[in-house]
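Below you'll find the structure, written out as structure tokens, and then a few comments.
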Amino acid sequence: MLAHSAKPILGMNFSNLLVSGRAAVSIRNRTSLQQLDEFYDVVISGGGMVGTAMASALGKHAVFANRKILLLEAGKPRSYTFPEGKYSNRVSALSPGSVALLKDVGAWQQISQVRVQPVKNMQVWDACCDSRIGFDNNTADIAYIVENDLIVDSLFNQIKKLRSVRLVYESGMKNIQFPKENHSDHRFVEVEIQDGRRIWTRLIVGADGHHSTARRLAGFRVYERDYRQMGVVATLKFAEAGPNHTAWQRFLPTGPIAMLPLSSTLSSLVWSTNHQQARALLQMSEEQFTDAVNRALWDETHKLDSVDSVLRQIDSVVSPLLNRLIESSPTAFQLPPTVMGIESGSRAAFPLGLSHSSDYIKPKVVLIGDAAHRVHPMAGQGVNLGFGDVAALQNVLVQCLNNGGDIGSLHYLHKYQTARQRQVLPVMAGIDGLHWLYSTANPAAVLLRSLGLNLTDRLTPVKNFFMQEAMR
């Protein structure tokens with residue numbers, strides 16, 4: 001506990017703010033920088049899906065009830081509407097683990113009441129040959145397709161109910177000043193807000209995306225690679241209503257094309273391709289774009305007959321052997337539906353790349369979500385990894401406070417970094433490897449990846465393992 005005779009720290013007397021390690025309360029959600037208090041236990045930079053989830057997860061927990069959390073969001077306040085039949089073009093495939101987190105913070109109730117589409121099976125196949133794999137979970141949904149705007153809106157609505165969280169729009173970090181180790185009290189870090197005001201905190205959480213300001217100001221080293229691809233998104237229309245619970249993905253030499261179910265007649269397109277084709281797709285008429293999507297899903301001009309011939313010969317030998325030795329049941333392949341049109345104005349594109357911070361933590365700073373790691377969207381794991389960060393960091397900070405520790409100390413933050421890197425790095429390596437493996441039409445590479453895909457499809461225990469990992 002700080003004595004009442006404590007000296008001012010960084011020009012501020014913390015004895016007026018701290019009592020037995022707890023910040024003075026009387027906290028409400030505010031949106032004006034003029035109303036900012038000078039001290040917060042946690043400052044979160046970034047009000048996207050991961051940042052708002054972090055604020056909600058901390059603010060909901062009893063151990064943070066009498067503490068102060070500040071969420072800085074660079075954008076302006078938005079009013080979200082979700083008219084029936086009109087969907088946003090940016091969606092996420094939420095894993096059951098991510099849904100569990102959203103349920104814990106109270107956001108899932110709004111999401112489920114507005115709209116969500118469960119994914120019950122997946123079909124993945126190669127445009128260069130007949131190799132394919134199917135995922136079908138008979139006991140639970142594989143994923144849930146939800147618009148990003150709906151996720152953010154539901155989380156903001158939860159934050160508004162939390163007395164321990166203060167939300168400030170149109171603001172972000174301008175500078176970070178770390179205290180010297182030999183300072184009279186080096187438990188606090190000074191944050192300069194964009195308008196020049198200064199606040200102090202025990203912990204900064206960088207949740208401001210792959211161009212993270214918090215990461216840059218804190219001096220983290222980051223590895224980045226441009227995939228030289230764009231992700232073209234749109235909302236697709238089908239001719240007839242149907243169950244539509246299947247996620248489709250076809251690997252083309254230029255990148256994967258995927259359709260994620262939204263409703264009985266709509267799916268969300270994510271088409272990863274080179275910059276030249278992406279620009280062409282955005283400039284096409286809606287009819288031309290629809291034809292291009294159908295060709296990408298059905299066209300067989302990339303097929304390598306020599307590879308298919310070898311695969312059939314190998315399969316005739318391997319399949320009977322596998323059937324005798326192990327549970328082997330390849331999933332029946334379903335044909336994708338024909339796209340009849342797109343929602344006007346739904347087309348857009350965004351750059352694709354990989355980035356990874358060498359560390360996720362420094363004294364008094366921690367990175368989560370894309371600020372720590374950014375992956376290719378082909379596996380739909382980006383936001384799920386971010387929500388996994390939220391759950392892990394919440395657990396570590398709660399444990400720290402229950403033990404009377406300092407939440408900015410590396411002693412506890414190392415637990416977060418170790419747990420998350422063990423989970424994130426294998427996923428990143430796997431996704432990056434798939435990106436490079438499927439970015440070529442070289443017959444040797446096509447044969448290699450096809451053998452692996454077909455074998456995995458036949459080995460039910462192996463396939464179930466991969467599916468369970470993706471559902472975490």
**Request:** May I ask you to check whether Q117 and S263 show a side-chain donor-acceptor distance below 3.5 Å?
**Result:** no
**Minimal non-hydrogen separation, P96 against I142, with atom names** = CD-O, 3.5 Å
**Shortest non-hydrogen contact between E73 and G48, atoms and distance** = OE1-N, 4.1 Å
**Message:** Does any part of the side chain of V168, heavy atoms only, come nearer than 4.5 Å to the side chain of S171, both counted from C-beta?
**Reply:** yes
**Prompt:** Is the shortest distance from a Lys or Arg side-chain nitrogen in R202 or D41 to a carboxylate oxygen in the other one below 4.0 Å?
**Reply:** yes
**Asked** Is D126 paired with R250 through a side-chain N to carboxylate O contact shorter than 4.0 Å?
**Response** no
**Complete:** Rounded to the nearest 0.5 Å, the CZ atom of F156 sits from the OH atom of Y169 at a distance of 4.5 Å
**Asked** Between T201 and I204, is there a donor-acceptor pair closer than 3.5 Å when you use the side chain of the first and the backbone of the second?
**Response** no
**Request:** Say whether, by atom type as modelled, one donor and one acceptor occur between the side chain of N274 and the main chain of Q276 under 3.5 angstrom.
**Result:** yes
**Smallest separation among heavy atoms of Q417 and Y360, with atom names** = OE1-N, 2.7 Å
**Prompt:** Between R115 and E147, does at least one N-O distance fall below 4.0 Å, as a salt bridge requires?
**Reply:** yes
**Message:** Strictly distance-based, threshold 3.5 Å: is any side-chain N or O of N384 a donor or acceptor partner for the main-chain N or O of G97?
**Reply:** no
**Prompt:** What heavy-atom pair brings Q229 and H275 nearest, and what distance separates the two atoms?
**Reply:** N-NE2, 3.6 Å
**Asked** Mind checking whether L367 and I361 have side chains closer than 4.5 Å, heavy atoms only?
**Response** no
**Prompt:** If you measure only the distance, is there a donor-acceptor pair under 3.5 Å linking the side chains of D208 and S45?
**Reply:** yes
**Sidechain-backbone polar pair: R347 side chain, M284 backbone, donor-acceptor under 3.5 Å** = yes
**Fill in**
In short, Y40 meets I69 closest at the heavy-atom pair CD2-C, 3.9 Å
**Asked** So, do I368 and M54 sit near enough that their side-chain heavy atoms are less than 4.5 Å apart?
**Response** yes
**Message:** Suppose the criterion is ring-ring contact (aromatic ring centres under 6.0 Å, His included): which pairs have a residue in residues 63-122, not counting sequence neighbours?
**Reply:** W108-Y144
**Request:** Find the distance between CD (Q288) and CZ (R295) and round it off to the nearest 0.5 Å.
**Result:** 9.0 Å
**Prompt:** For L304 and C129, what are the C-alpha separation, side-chain angles and deciding distance, and is it a side chain to side chain contact (heavy atoms under 4.5 Å, CB included)?
**Reply:** CA-CA 6 Å; L304 299 175; C129 63; 5.8 Å; no
**Complete:** Quick note, ring-ring contact (aromatic ring centres under 6.0 Å, His included) partners involving residues 203-225, not counting sequence neighbours, are none
**Prompt:** Is the backbone of A371 close enough, under 3.5 Å, to the side chain of R215 for a donor and an acceptor to pair up by distance?
**Reply:** yes
**Message:** Using a 6.0 Å cut-off, check whether atom NZ of K103 has over 12 heavy atoms from anything other than its own residue.
**Reply:** no
**Asked** Taking atom OG of S267 and atom NZ of K237, what is their separation to the nearest 0.5 Å?
**Response** 13.5 Å
**Message:** As an exercise, state the distance from CD1 of I151 to OG1 of T52, rounded to the nearest 0.5 Å.
**Reply:** 9.0 Å
**Asked** Is Q334 atom CD crowded by more than 12 heavy atoms from other residues, nucleotides or ligands, each under 6.0 Å away?
**Response** yes
**Request:** Please examine the side chains of L269 and V233, heavy atoms only from C-beta on, and report whether any two atoms are closer than 4.5 Å.
**Result:** no
**Request:** Evaluate the salt bridge (charged side-chain N to carboxylate O under 4.0 Å, His left out) criterion for residues R221 and D359: first the C-alpha distance (whole Å), next the side-chain angles of each, then the deciding distance (0.1 Å), finally the verdict.
**Result:** CA-CA 8 Å; R221 291 183 295 112; D359 291 290; 5.0 Å; no
**Request:** Would you check if L266 and E343 make a side-chain contact, meaning some heavy-atom pair closer than 4.5 Å?
**Result:** yes
**Item:** S346 side chain to T235 backbone, donor-acceptor under 3.5 Å
**Value:** yes
**Request:** List the steps and the verdict of side chain to side chain contact (heavy atoms under 4.5 Å, CB included) for L58 and L397.
**Result:** CA-CA 9 Å; L58 296 181; L397 297 184; 4.0 Å; yes
**Prompt:** With distance as the sole test, does N402 use its side chain to make a donor-acceptor pair with the main-chain N or O of V398 at under 3.5 Å?
**Reply:** yes
**Prompt:** Is a side-chain donor or acceptor of N454 paired with a backbone partner of R132 at a separation under 3.5 angstrom?
**Reply:** yes
**Prompt:** Can you tell me how far OH of Y412 sits from CG of L401, rounded to the nearest 0.5 angstrom?
**Reply:** 9.0 Å
**Asked** Is the shortest heavy-atom distance from the side chain of L425 to the side chain of H356 under 4.5 Å?
**Response** yes
**Message:** If we ignore hydrogens and angles and just use 3.5 Å, is the side chain of T418 paired with the main-chain N or O of K415 as donor and acceptor?
**Reply:** no
**Request:** Evaluate the ring planes of F251 and Y438, with Trp represented by its six-membered ring, and classify them as parallel (under 30°), tilted (30 to 60°) or perpendicular (over 60°).
**Result:** parallel
**Request:** For the pair I199 and I193, evaluate side chain to side chain contact (heavy atoms under 4.5 Å, CB included) and give the outcome as yes or no after the intermediate values.
**Result:** CA-CA 8 Å; I199 57 176; I193 306 301; 3.9 Å; yes
**Message:** One pair to check against side chain to side chain contact (heavy atoms under 4.5 Å, CB included): S357 and H373. What are the steps and the verdict?
**Reply:** CA-CA 6 Å; S357 180; H373 41 73; over 6 Å; no
**Request:** Under the side chain to side chain donor-acceptor pair (under 3.5 Å) rule, what do S344 and E286 come out as? Steps first, then yes or no, please.
**Result:** CA-CA 8 Å; S344 296; E286 293 184 1; 2.8 Å; yes
**Prompt:** CD of Q381 to OG of S92: how many Å apart, nearest 0.5 Å?
**Reply:** 11.0 Å
**Asked** With side chains defined as the heavy atoms from C-beta onward, is the minimum distance between I145 and H245 less than 4.5 Å?
**Response** no
**Prompt:** Is there a donor-acceptor pair under 3.5 Å between the side chain of S56 and the backbone N or O of Q158?
**Reply:** no
**Prompt:** Would the H435 and H376 ring centres measure less than 6.0 Å apart?
**Reply:** yes
**Request:** Using a 4.5 Å cut-off on heavy atoms from C-beta on, say whether the side chain of T273 contacts that of L281.
**Result:** yes
**Complete:** Closest non-hydrogen atoms of I159 and A55, given as atom of the first, atom of the second and distance, are CD1-CB, 3.9 Å
**Message:** Counting neighbours of CD on Q113 that are heavy atoms of other residues, nucleotides or ligands and sit closer than 6.0 Å, is the number greater than 12?
**Reply:** yes
**Message:** What I want to find out is whether D153 reaches R78 closely enough, with some N-O distance under 4.0 Å, to be called a salt bridge.
**Reply:** no
